[in-house]
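All values derive from a computational prediction rather than experimental measurement. Numbered from 1 within each chain, the chains take letters A, B, ... in sequence-line order. Values below: all heavy atoms of this structure, side chains included; hydrogens, waters and symmetry mates excluded.
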Number of protein chains: 2
Amino acid sequence: MVKNTNKTGSKTLPLNQIIDGDCIDVMNSLPENSVDLIFADPPYNLQLKGELHRPDNSKVDAVDDHWDQFDSFKVYDEFSRAWLQAARRILKPNGAIWVIGSYHNIFRVGTALQDAGFWVLNDVIWRKTNPMPNFRGVRLTNAHETMIWAGKSEKSKPTFNYEALKALNDGVQMRSDWILPICNGNERLKDENGDKAHPTQKPESLLHRVIIGSTNEGDVILDPFFGTGTTGAVAKKLGRKFIGIEREEAYRKVAKKRISAIKECDAESLKVSTSKRAEPRVPFGQVVERGMLKPGDQLYSLNGRHSAKIRADGTLIAHDQRGSIHQVGAALEGAPSCNGWTYWCFKKRGEAIPIDMLRKKIRAEMTA
Amino acid sequence: MVKNTNKTGSKTLPLNQIIDGDCIDVMNSLPENSVDLIFADPPYNLQLKGELHRPDNSKVDAVDDHWDQFDSFKVYDEFSRAWLQAARRILKPNGAIWVIGSYHNIFRVGTALQDAGFWVLNDVIWRKTNPMPNFRGVRLTNAHETMIWAGKSEKSKPTFNYEALKALNDGVQMRSDWILPICNGNERLKDENGDKAHPTQKPESLLHRVIIGSTNEGDVILDPFFGTGTTGAVAKKLGRKFIGIEREEAYRKVAKKRISAIKECDAESLKVSTSKRAEPRVPFGQVVERGMLKPGDQLYSLNGRHSAKIRADGTLIAHDQRGSIHQVGAALEGAPSCNGWTYWCFKKRGEAIPIDMLRKKIRAEMTA
DNA sequence: ACGACTATTGAATCGGGCG
DNA sequence: GCGCCCGATTCAATAGTCG
């Protein structure tokens, strides 16, 4: 619990501190209508069963921590409603909240949040450039997480730095999907043994965008599930104040050390380097899905010597050869490799047109 | 309501038809455990209150001027629970459902779906290449929609054509974010006045991926909010059967015309890449029985570190390890498991050849 | 120093068939 | 239903090693 009552009896905020305790108790001890933004990364309730191994037989380090264990959806929903209610009380009337989650919990959290009176402004997708694959090949690669951005109420007018986000996005309006890598390399905090200090550390780039977009300098940002303190680190760097709440001694310790080493940026260095985008890869399957060519259509080689038929999954078939546009091209030519995009043509009004024209069209739309 | 009772009184499915009626009533009139896949694009606009029905089919009264947020969510939730329950009843035990929505409704739908007993397999983000901008610059561009893919229950084993989706994505595992343009151009259906026939027509590319990935040829796909029939159009094109339910005469009319003009792909083009899991199992003993390898022959591990001797019953022996090709491989490597077929090689004229070559030979003979 | 190659790792609801 | 056992399955980004 926080000692946050001053001499006159009015409550004050414990700024730039990491508070030990249950986040609901701590938030209830803070004054109402006092915080500008809440960023929350609650437990996801993953419900993992057995062990999982990679194809090379190495074991996957699962998130099986005690704090992620809930008996049922009902218990998880009660937990969500409780912390969301406490969070909403301390938010200023024009304050906002961000919550991050995966399909395991985000629908529960989103429903609880709407029921509590929050007003959803956007849902934002964090598209991971380097997610963990689905090793058994039984599902889609789980390549994103979902964030919900919501105001305290329908009437509230939360901070939104439209121009700053637009600038971050090379001058075009920021979209609801954010393409960012997961947290690894030097940014990933290690404990004394060299193991990762926290199983689910979020990248600073994600918080950078949240904080730039929805707070002003000097604002107070509270994180009820502080962990190793990414929210606090980025808040300090960007000249905002933070309040962190964390139950685990080990996480608090790492976070404190981390944040004390951070230097606040001068205004100039707040500008972020925008990542260069390589030309987006276009799978040939998209040409089929989008109906630019249809299953059953014929393709012809540039040299006119071969032809092949398109199948519904974007592979080709020619005599006994099946596979991608590249594989079939290489096989027919007896070559070690082949760029199918420039090798194959389709016919339109008797004219042979390279399929690369279709890829150009798709790329133009992707970057538009 | 559907006339789907034949002379013997047993119910039959009204295949490749568009049925007029409320989707809950119609689904309740269909036989249980009869449909392979459901694709649902339910209304998400809460202003549709006037058109919503409670589970008891009573119509919800028109909007009150002082409409209360919680009440409207409650009505929407009842509607969601009702149609999801009806949908779940008619799904086969190994059937699956796809639901698409935006932040206005997807958290409600996702929660209702989990509460109804569906088991979420993935959430999938449709990332629009060409979304409508946020004209007033007060929010992020709403550039995506969310789809939930779920099995009928935790135990069910829905169809998942992993290899076909991988092929569609140029040979890398399909991710949970799908980059596709919105429906416009020639694909966008117009009415007699040249206006768009439906406000939220989904692109065929989206359904192509859903249907290729989670159904097989001949499967039955039901769409309870059929609209202008994108689900039916792609189902027909890909050799699947559909059942559409739609209350609006104008949409049914457009959909019927649209689908009748569609041509089904030829059989060969519908074939997609399949997984090895579908291939017949070959015991290693057959290799010995057929004399392809003899008792006493040596096998060598792929990495060259181990060797083993073949015994007459098709087991291996290496030092004190005895057992199947898989068991001995795993034991020698200290691994939790091992695919002996790809781990062991035999020598022919000094060259190491994987024993999987012998299995391929046997399989070829089996299918010949 | 640099390139080539190998090893490690990340919020994961990660099998199916037969006895 | 349970236990056993076959045998299928990964992408991108670091970090480390060797020459």
Checklist entry - Taking only residues two or more places apart in sequence or in another chain, which ones pass salt bridge (Lys or Arg N to Asp or Glu O under 4.0 Å) with Asp177(A)? => result Arg175(A), Arg127(B)

Item to check | Sub-4.0 Å heavy-atom contacts from residues 163-171 of chain B onto DNA chain D, ordered by number | outcome: Glu163(B), Lys166(B)

Checklist entry - Roughly how many Å is it from CD in Gln201(A) to P in dA11(C), rounded to a whole number? => result 9 Å

Checklist outcome for this item: Quick tally for nucleotides 12-19 of chain C: nucleotides whose base has a protein heavy atom under 4.0 Å get B, sugar-phosphate-only ones S, the rest -, giving BBBBS---

Item to check | Residues in salt bridge (Lys or Arg N to Asp or Glu O under 4.0 Å) contact with Arg88(B), at least two apart in sequence or another chain | outcome: none

Checklist entry - Asn57(A) CG to dT8(C) C1': how many Å, rounded? => result 15 Å

Checklist outcome for this item: Between CZ of Arg175(B) and P of dG10(C) the distance, given in whole Å, is 18 Å

Item to check | Contacts of Asp356(B) that satisfy side-chain hydrogen bond (donor to acceptor under 3.5 Å, both in side chains) - sequence neighbours left out | outcome: Arg359(B)

Checklist outcome for this item: chain A vs DNA chain D, heavy-atom contacts under 4.0 Å, first-to-last nucleotide span, 5' to 3', is dG7(D) to dA15(D)

Checklist entry - Looking at residues at least two apart in the chain, or sitting in another chain, which of them share a salt bridge (Lys or Arg N to Asp or Glu O under 4.0 Å) with Glu289(B)? => result none

Checklist entry - Are Trp178(A) and Trp126(A) an aromatic pair by the rule of ring centers under 6.0 Å? => result no

Checklist entry - What does Glu154(B) touch in the nucleic acid at a heavy-atom separation under 4.0 angstrom: a base, only the sugar-phosphate, or nothing? => result nothing

Checklist entry - In whole angstrom, what separates Lys196(A)'s NZ from dT8(C)'s P? => result 15 Å

Item to check | Counterpart residues, side-chain contact (heavy atoms from CB on, under 4.5 Å), relative to Lys196(A) (two or more places apart) | outcome: Asp61(A), Arg188(A)

Next on the checklist: Using the salt bridge (Lys or Arg N to Asp or Glu O under 4.0 Å) criterion, which residues pair with Lys49(A)? Sequence neighbours excluded.
Outcome noted: Glu154(B)

Checklist entry - Between Glu78(A) and Lys74(A), is the closest basic N to carboxylate O distance under 4.0 Å? => result yes

Donor-acceptor pairs are to be reported for all side-chain atoms of residues 246-255 of chain A against protein atoms at under 3.5 Å, with residues two or more places apart or in another chain.
residue   : atom : partner   : partner atom : Å
Glu246(A) : OE1  : Gly227(A) : N            : 2.7
Glu246(A) : OE2  : Glu248(A) : N            : 3.0
Glu248(A) : OE2  : His66(A)  : NE2          : 3.0
Glu249(A) : OE1  : Arg252(A) : NH2          : 2.8
Tyr251(A) : OH   : Trp67(A)  : NE1          : 3.2
Arg252(A) : NH1  : Asp20(A)  : OD1          : 2.9
Arg252(A) : NH1  : Glu246(A) : O            : 3.0
Arg252(A) : NH1  : Arg247(A) : O            : 3.1

Checklist entry - Roughly, in whole Å, what's the span from CG in Asp64(A) to C1' in dG10(C)? => result 14 Å

Could you give the side-chain donor-acceptor pairs of residues 275-286 of chain B under 3.5 Å, partners two or more places apart or in another chain?
residue   : atom : partner   : partner atom : Å
Ser275(B) : OG   : Arg277(B) : N            : 2.9
Arg277(B) : NH2  : Arg136(A) : O            : 2.9

Checklist outcome for this item: Output field dot_bracket for DNA chain C (Watson-Crick or G-U, both distances under 3.5 Å, | for other-strand pairs) contains .|||||||||....|||||

